[in-house]
Every structure is written in C-alpha cells, then in structure tokens.
Enquirer: 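Sending over a structure as structure tokens; questions will come in a sec.
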Amino acid sequence: MGYWLYKSEPFKWSWAMQKDAGQAGTEWTGVRNYLARNNMRAMQIGDKGFFYHSNEGLEIVGITEVCALSHLDSTADGDARWDCVDIRAVCDMPQPVSLKDIKANPKLEKMQLVTSMRLSVQGVTEEEYLEVCRMGGLENPPR
C-alpha cells in the first residue's frame, strides 16, 4: 500500500468538488512534472492519499483513494508523456492539518511537503500518513 499527497488550488479543484465526483472519482489531470507523473505511474488501486489545498488554506483537508491506474491524461492533447490516475474522496480530515503545524512537528521534518514544497503529487511514508491523520483527529485512518 502506498501513500500520497495531491495538491490542488481550491479555486480550480476543491475538496468539495472532489467529494461531489462521488465513488467514480475523477482524473487527476494537468500534471506536467516528470517526478509527479512518475509518482502516479507507481500508484496502485486502493493507495490512499492526502488532499491538500495549496495557495489558499495551505492544509490537508481529506483522504483520497486511487480508483484507476495510471493512463493517458485526457487534458494532454494526445501527448503520451503525460499520465494521470483517477482518485475518489474517502473521508474528510476531521480537523484540517495546516502546513504550519506540519512544519512544526519534528516527526514530519523529512516529509516531502516540507522538503519539496512545489511538487504537486508527492509520496508520503506510512509513518507520516499516520502522524498527519493523528494530528487531524482521524482515530481510525483508512488503510
């Protein structure tokens, strides 16, 4: 099982919009960074991830799940270099976890959100996943 973090600007695609996509989920499109693309290529069905509001809010607001493996990004105009996965909302983070609080937690000092802030799709270790869930008041995090 892998764990991930997806960044989205809420005015473009918010957590509420992700939840509205329902069980079918939606493509995580528009990623044009090779490392982020490679992260999506490594994902497996059922992998969990954090939904992070970037630019506005700067906080983890929910948990997602990969529901379709890496495939051609429908917004890539046929350019085979760019893939995406489909994700669906699993649950809200009971208390959003801010970037400020993540940076203040020594257990998370090596988290990619702290060390590689610009990367839009990032890996998360199991320990980081569980710690952020604890910080957000999620007692039984989905695995």
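The basis for the numbers below is simple: all heavy atoms, side chains too, and nothing from hydrogens, waters or symmetry mates.
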Enquirer: Answer with yes or no whether the hydrophobic clustering places V114 together with L58; edges join I, L, V, M, F, W, Y residues whose side-chain heavy atoms lie under 4.5 Å apart.
Expert: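 Yes; tracing contacts between hydrophobic side chains, which count when under 4.5 Å, links both residues.
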Enquirer: Given V61, which of H53, Q18, Q95 fulfils the side chain to side chain contact (heavy atoms under 4.5 Å, CB included) condition?
Expert: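 When H53, Q18, Q95 are each tested with V61, the side chain to side chain contact (heavy atoms under 4.5 Å, CB included) holds only for H53.
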Enquirer: With hydrophobic residues grouped by side-chain heavy-atom distances under 4.5 Å, do M43 and V31 end up in a single group?
Expert: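 The answer is yes; both residues are in one hydrophobic cluster.
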Enquirer: Quick check on the hydrophobic clustering: are I60 and V90 connected, directly or via other members, by side-chain heavy-atom contacts under 4.5 Å?
Expert: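 Hydrophobic grouping puts I60 with V90.
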Enquirer: How long is the straight-line distance from CE of M135 back to CG of N105, given to the nearest 0.5 Å?
Expert: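 It comes to 5.0 Å.
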Enquirer: Kindly compute the distance separating CG (L69) from SG (C84), expressed to the nearest 0.5 Å.
Expert: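 SG of C84 is found 11.5 Å from CG of L69.
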Enquirer: Any heavy-atom pair between the side chains of M111 and I102 that's under 4.5 Å?
Expert: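 Yes; the side chains approach each other to less than 4.5 Å.
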Enquirer: Considering all heavy atoms of both residues, which atom of V85 and which atom of M40 are nearest to each other, and what is their separation?
Expert: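 Between these two residues, the closest heavy atoms are CG1-O, 3.4 Å.
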Enquirer: Going by distance alone, is a donor N or O of one side chain under 3.5 Å from an acceptor N or O of the other, for Q122 and N39?
Expert: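 Note: Q122 and N39 side chains miss the donor-acceptor criterion.
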Enquirer: Please check this pair: side chain of D86 against backbone of A68, looking for a donor-acceptor N/O pair closer than 3.5 Å.
Expert: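 Checked: no pair found.
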Enquirer: Could you measure the distance from the CD atom of E9 to the OG atom of S14? Nearest 0.5 Å is fine.
Expert: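 Taking CD in E9 and OG in S14, the distance rounds to 12.0 Å.
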Enquirer: For the aromatic rings, using the six-membered ring if either is Trp, is the centroid distance between F50 and Y3 under 6.0 Å?
Expert: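 Judged by ring-centre distance (under 6.0 Å), F50 and Y3 do not meet the cut-off.
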Enquirer: Let me confirm one number: the CG-NZ distance from N55 to K12, rounded to the nearest 0.5 Å.
Expert: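 N55 atom CG to K12 atom NZ measures 8.5 Å (nearest 0.5 Å).
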Enquirer: Is it the case that over 12 heavy atoms from other parts of the model lie below 6.0 angstrom from the CD atom of E139?
Expert: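 Atom CD in E139 is not packed in, count stays at 12 or less.
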Enquirer: With a 4.5 Å cut-off on side-chain heavy atoms, are T26 and M17 touching?
Expert: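 Contact flag for M17/T26 side chains = no.
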Enquirer: Taking the side chain as C-beta and beyond, is there a heavy-atom pair between F51 and W4 under 4.5 Å?
Expert: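 The answer is no; the side chains never approach within 4.5 Å.
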Enquirer: Kindly work out whether a path of hydrophobic side-chain contacts (I/L/V/M/F/W/Y, heavy atoms less than 4.5 Å apart) joins I63 to L130.
Expert: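 I63 clusters together with L130.
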Enquirer: Please tell me if the side chains of C91 and L138 come closer than 4.5 Å, counting only heavy atoms from C-beta onward.
Expert: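 Heavy-atom side-chain distance check passes, below 4.5 Å.
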Enquirer: Checking side-chain contact (heavy atoms from CB on, under 4.5 Å) for the pair D101/S98: CA distance, chi angles, key distance, verdict?
Expert: CA-CA 5 Å; D101 289 340; S98 72; 3.3 Å; yes
Enquirer: Taking only residues two or more places apart in sequence, or in another chain, which ones meet Y34 in a ring-ring contact (aromatic ring centres under 6.0 Å, His included)?
Expert: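 Only W82 meet the ring-ring contact (aromatic ring centres under 6.0 Å, His included) criterion with Y34.
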Enquirer: Under 4.5 Å between any side-chain heavy atoms of R134 and V97, yes or no?
Expert: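 No; the side chains remain at least 4.5 Å from each other.
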Enquirer: Look at atom CG of N140 and say whether more than 12 heavy atoms of other residues, nucleotides or ligands are closer to it than 6.0 Å.
Expert: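 Not more than 12 within 6.0 Å, no.
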Enquirer: Got Y6 and T64 here, is their nearest side-chain heavy-atom distance under 4.5 Å?
Expert: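 Of all side-chain heavy-atom pairs linking T64 with Y6, at least one is under 4.5 Å.
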Enquirer: Is it the case that one hydrophobic cluster holds both V121 and I87, taking links as side-chain heavy atoms less than 4.5 Å apart, direct or via other members?
Expert: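 Shared cluster, yes.
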Enquirer: Could you tell me whether the side chain of S116 and the main chain of L119 form a donor-acceptor pair under 3.5 Å?
Expert: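 Judged by distance alone, no pair lies under 3.5 Å.
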Enquirer: Report yes if the side chains of W15 and S8 come closer than 4.5 Å at any heavy-atom pair, otherwise no.
Expert: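 No, too far: nothing below the 4.5 Å cut-off.
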Enquirer: Please find the pair of heavy atoms, one from S120 and one from A36, that lie closest to each other, and give the distance.
Expert: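 Looking at all heavy atoms of both residues, the closest pair is OG-CB, 3.9 Å.
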Enquirer: Strictly by modelled atom types, are S74 and E27 linked by a side-chain donor-acceptor pair under 3.5 Å?
Expert: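 Short answer, yes.
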Enquirer: Got a second to check how far E128's CD is from E131's CD, nearest 0.5 Å?
Expert: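 The distance works out to 10.0 Å.
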Enquirer: Give a yes or no answer on whether the side chain of D92 reaches the backbone of P94 with a donor-acceptor pair at less than 3.5 Å.
Expert: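 Between the backbone of P94 and the side chain of D92 there is no qualifying donor-acceptor contact (under 3.5 Å).
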Enquirer: How would you list all residue pairs meeting salt bridge (charged side-chain N to carboxylate O under 4.0 Å, His left out) that involve residues 58-83, not counting sequence neighbours?
Expert: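 For residues 58-83, and leaving out neighbouring residues, the salt bridge (charged side-chain N to carboxylate O under 4.0 Å, His left out) pairs sorted by first residue read R32-D73, R41-D83, K48-E65, E65-R88, D79-R81.
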Enquirer: Taking atom CD of E127 and atom NZ of K110, what is their separation to the nearest 0.5 Å?
Expert: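 Nearest 0.5 Å value for the CD-NZ distance: 11.5 Å.
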